There are 2 protein chains.
Amino acid sequence: MADSRDTPFRYLTLLQLIPRHPHKIATTTLLEKLNERGYRIDMRSLQRDLRDKLALHFPLVCDDSERPYRWYFDRDFHCNLPALDTASALTLVLTEEYLKGLLPPAVAGRLDPQFRAARQWLNGLEGNGISQWSRRVRAIPNGKALLPAPLNDELWQVVAQALLEGKALEVRYLSRSRGEEKPMTLHPQGLVSRHSVTYLLAMANDYDDIRHFALHRIRAASFASQPLRQMAAFDLDDYIKAGAFGYRQSPDDVTLRARVSPQVAWLLSETPLTREQCLTPEPDSDWQRLDAQVPDDQQTLWWLMGMGANIEVLAPSHWCDEIYRNAQQVIQRMDAAYAVAPS
Amino acid sequence: MADSRDTPFRYLTLLQLIPRHPHKIATTTLLEKLNERGYRIDMRSLQRDLRDKLALHFPLVCDDSERPYRWYFDRDFHCNLPALDTASALTLVLTEEYLKGLLPPAVAGRLDPQFRAARQWLNGLEGNGISQWSRRVRAIPNGKALLPAPLNDELWQVVAQALLEGKALEVRYLSRSRGEEKPMTLHPQGLVSRHSVTYLLAMANDYDDIRHFALHRIRAASFASQPLRQMAAFDLDDYIKAGAFGYRQSPDDVTLRARVSPQVAWLLSETPLTREQCLTPEPDSDWQRLDAQVPDDQQTLWWLMGMGANIEVLAPSHWCDEIYRNAQQVIQRMDAAYAVAPS
DNA sequence: AGCGATACGACAATCCATGTCGCTGGTCAC
DNA sequence: GTGACCAGCGACATGGATTGTCGTATCGCT
């Protein structure tokens with residue numbers, strides 16, 4: 001777009017080219033990229049831009065330990081180009097709250113500069129209204145919040161790069177049979193973040209089948225020298241649908257029929273199970289009849305079981321059986337416990 | 001920071017001052033803000049900056065229907081100042097996937113330009129590796145994904161501004177007893193996003209007590225002419241803890257004691273219930289003993305019930321009772337159903 | 001030691017950003 | 001309608017900032 005020598009926009013382009021802390025970029029590389037983008041400029045000018053102009057106005061750091069100097073931004077620098085507005089800032093705050101329970105801290109931390117910017121922006125409002133926003137906004141996560149497994153930032157970077165830039169990984173993996181840390185070579189094919197655990201889907205060593213590796217059990221990771229082996233036609237959606245994740249029990253949806261209490265009916269009318277669910281009042285009670293096509297997976301079953309006596313599942317039959325058997329077991333076990341140690 | 005007349009940085013400051021589409025800012029306002037920030041500059045220069053410089057390089061639009069012209073960015077313009085890196089882009093993609101199930105589309109949509117930027121950046125990688133990232137990354141939400149209630153963008157903006165900038169709202173609210181749309185004045189005190197439903201906490205009309213208003217049931221909203229009434233000392237955390245949300249049953253944590261199956265034990269060792277939970281193997285079985293301080297709320301109880309026969313709760317007793325009673329009801333009801341229509 | 005690459009200071013030429021002025025076109029008040 | 005006012009715009013002269021060049025210094029590699 002901007003071809004000729006247009007100083008201010010060259011500066012902007014530069015700012016967009018320089019990465020944040022752990023990464024860095026050499027002066028010469030910057031020169032190339034500028035040329036690519038049509039800025040025909042001398043190296044001397046670039047040096048001046050960086051040291052005398054940008055570095056005075058931004059947290060721009062120069063690493064002069066290597067000869068073509070390397071440049072990078074302070075770890076927590078961030079700048080929202082179109083200014084934030086109240087609605088966006090609020091969205092960011094909610095997002096941060098939710099993310100804390102969903103992604104490992106190191107992963108969510110990647111967006112920290114943005115969240116910080118949003119908070120600062122909201123603080124700027126306090127002058128006018130006395131809003132005290134931080135006391136006024138909360139996100140309550142869906143379902144029981146388990147704590148995401150910790151995991152370090154560098155590891156996340158290495159894994160992300162390996163997966164998306166097509167590299168093989170050398171790792172030490174703490175296998176499920178505790179204690180054993182095994183070194184292996186992984187050929188990443190996909191990544192699934194489920195609940196609070198993030199899994200890398202990869203082929204190990206010379207095997208051709210895909211296994212799951214929980215990121216927080218990877219102890220050390222570095223790029224392998226050997227090239228990545230790709231699985232011919234790997235499609236993550238197909239893979240998950242095929243049940244590989246222990247999620248879906250059958251690839252097809254099932255027809256859920258159930259009677260639901262007024263409270264649950266109300267909940268479902270507000271946040272439907274699916275876009276086409278059908279709720280119809282029953283003649284002789286305040287309960288309602290629910291019909292919906294839902295995925296045949298553990299999640300849905302859990303949700304139904306969590307609702308307990310507020311929902312009565314009529315179909316599919318394997319869920320009825322499961323719920324019934326489950327209730328029986330609970331009673332049996334608790335009766336036994338009471339018998340041993342009556343309160 | 002940047003005081004004197006330093007053209008390129010004035011441009012940057014300008015870019016930071018101009019909002020995205022639905023909002024706009026007048027040339028004169030911009031001039032004031034620039035002066036505030038130490039840029040002593042003539043109005044003529046500002047006009048030139050906008051029309052002849054910035055508008056040529058950015059999707060900057062001028063609304064010349066009003067006399068002090070108004071300026072704004074294209075709806076979906078976004079610019080990541082420190083360049084994205086692979087790890088951050090991946091984090092954004094995951095965030096988007098999760099958010100789709102947590103926030104109403106209009107709310108999550110506020111971050112769309114950022115997500116789009118991340119996707120584009122990842123697409124740029126495809127040249128080198130053949131990664132096809134979009135087939136390789138998925139987020140699977142925690143718990144059953146209910147669909148967020150729809151809600152329009154403008155409404156979200158008005159509500160966000162009212163809450164954070166301290167304004168009262170004039171709304172038409174669809175009350176829970178269906179069909180009735182009642183006009184009322186709301187004095188927003190807080191906002192809670194729970195599961196997929198977002199609630200505004202506010203005092204209505206002249207009342208002094210706080211009620212919840214589901215955003216998606218607000219039909220029309222505009223700022224009220226009357227000033228906002230503030231509740232003296234409103235603290236959302238206290239409010240939620242006090243059980244106002246039907247969540248917590250008692251303000252204190254309870255001590256959960258339970259026996260858990262090997263699968264659940266494994267799950268909990270990876271994603272703990274709380275930071276201090278304690279898992280100890282039992283002598284004569286492969287089950288484990290769980291001890292943890294957890295909040296006494298419906299969420300936790302649901303989670304326990306969802307685990308069904310894989311977990312045996314020993315304490316607190318009111319949960320044991322609840323679970324036991326629940327199981328009994330399920331069995332009773334299903335027995336009755338079988339009796340009526342035996343399969 | 002020598003070569004190549006990069007950083008940096010100095011300097012002159014040029015380019016461009018700036019304030020000023022005057023005109024235009026719109027809005028508002030009377 | 002009309003006059004006052006305000007913002008936008010074109011033109012222009014000027015002064016300051018940006019640019020390429022050159023020479024020198026420093027580092028790393030062979």
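Fair warning: this is a prediction, and the values are worked out from it, not measured in the lab.
Between K53(B) and dC16(C) there is no side-chain N or O to OP1 or OP2 distance below 4.0 Å. In this structure, T7(B) does not reach the dC16(C) phosphate: none of its side-chain N or O atoms is under 4.0 Å from OP1 or OP2.
Between the CG atom of D42(A) and the C1' atom of dC22(D) there is a distance of 11 Å, given to the nearest Å. Distance I41(B) CD1 to dT20(C) C1': 14 Å, rounded to the nearest Å. Distance, R40(B) CZ to dG16(D) P: 14 Å, rounded to whole Å. Distance D6(B) CG to dT18(D) C1': 12 Å, rounded to the nearest Å. The CG-P distance, from L46(B) to dA17(C), rounds to 15 Å in whole Å. In this structure, the CG atom of D63(B) is 16 Å from the P atom of dA7(D), given to the nearest Å. To the nearest angstrom, C1' of dA10(C) lies 13 Å from CG of D52(A). Nucleotide dC6(D) holds its P atom 14 Å from the CG atom of L31(B), rounded to whole Å.
Judged by closest nucleotide on DNA chain D, S45(A) is the one of S45(A) and S65(A) placed further toward the 5' end.
Checked against side chain to side chain contact (heavy atoms under 4.5 Å, CB included), A106(B) has the following partners two or more places apart in sequence or in another chain: D153(B). Residues passing the ring pair (Phe, Tyr, Trp, His ring centres under 6.0 Å) test with F115(A): none are found, sequence neighbours excluded.
No more than 12 heavy atoms of other residues, nucleotides or ligands sit less than 6.0 Å from atom CD of E154(B).
For R48(A) and dG9(C), a side-chain-to-base donor-acceptor distance below 3.5 Å is absent, hydrogens and geometry of angles not being considered.
A donor-acceptor contact closer than 3.5 angstrom is absent between the side chains of R219(A) and Y173(A).
Look at D112(A) and R116(A) and you find a salt bridge, because one of the NZ, NE, NH1 or NH2 atoms lies within 4.0 Å of a carboxylate O, short of that distance. We find that D64(A) and R70(A) are not joined by a salt bridge, their nearest charged nitrogen and carboxylate oxygen being 4.0 Å or further apart.
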Show each protein N/O and nucleotides 1-8 of chain C N/O combination with a separation under 3.5 Å, one pair to a line.
unit_1	atom_1	unit_2	atom_2	d
dA7(C)	OP1	T27(A)	OG1	2.9
dA7(C)	OP1	Y69(A)	N	3.0
dA7(C)	OP2	Q47(A)	NE2	2.8
dA7(C)	O4'	R67(A)	NH2	3.3

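Not one N or O on the side chain of Q230(A) forms a donor-acceptor pair closer than 3.5 Å with the backbone of L228(A).
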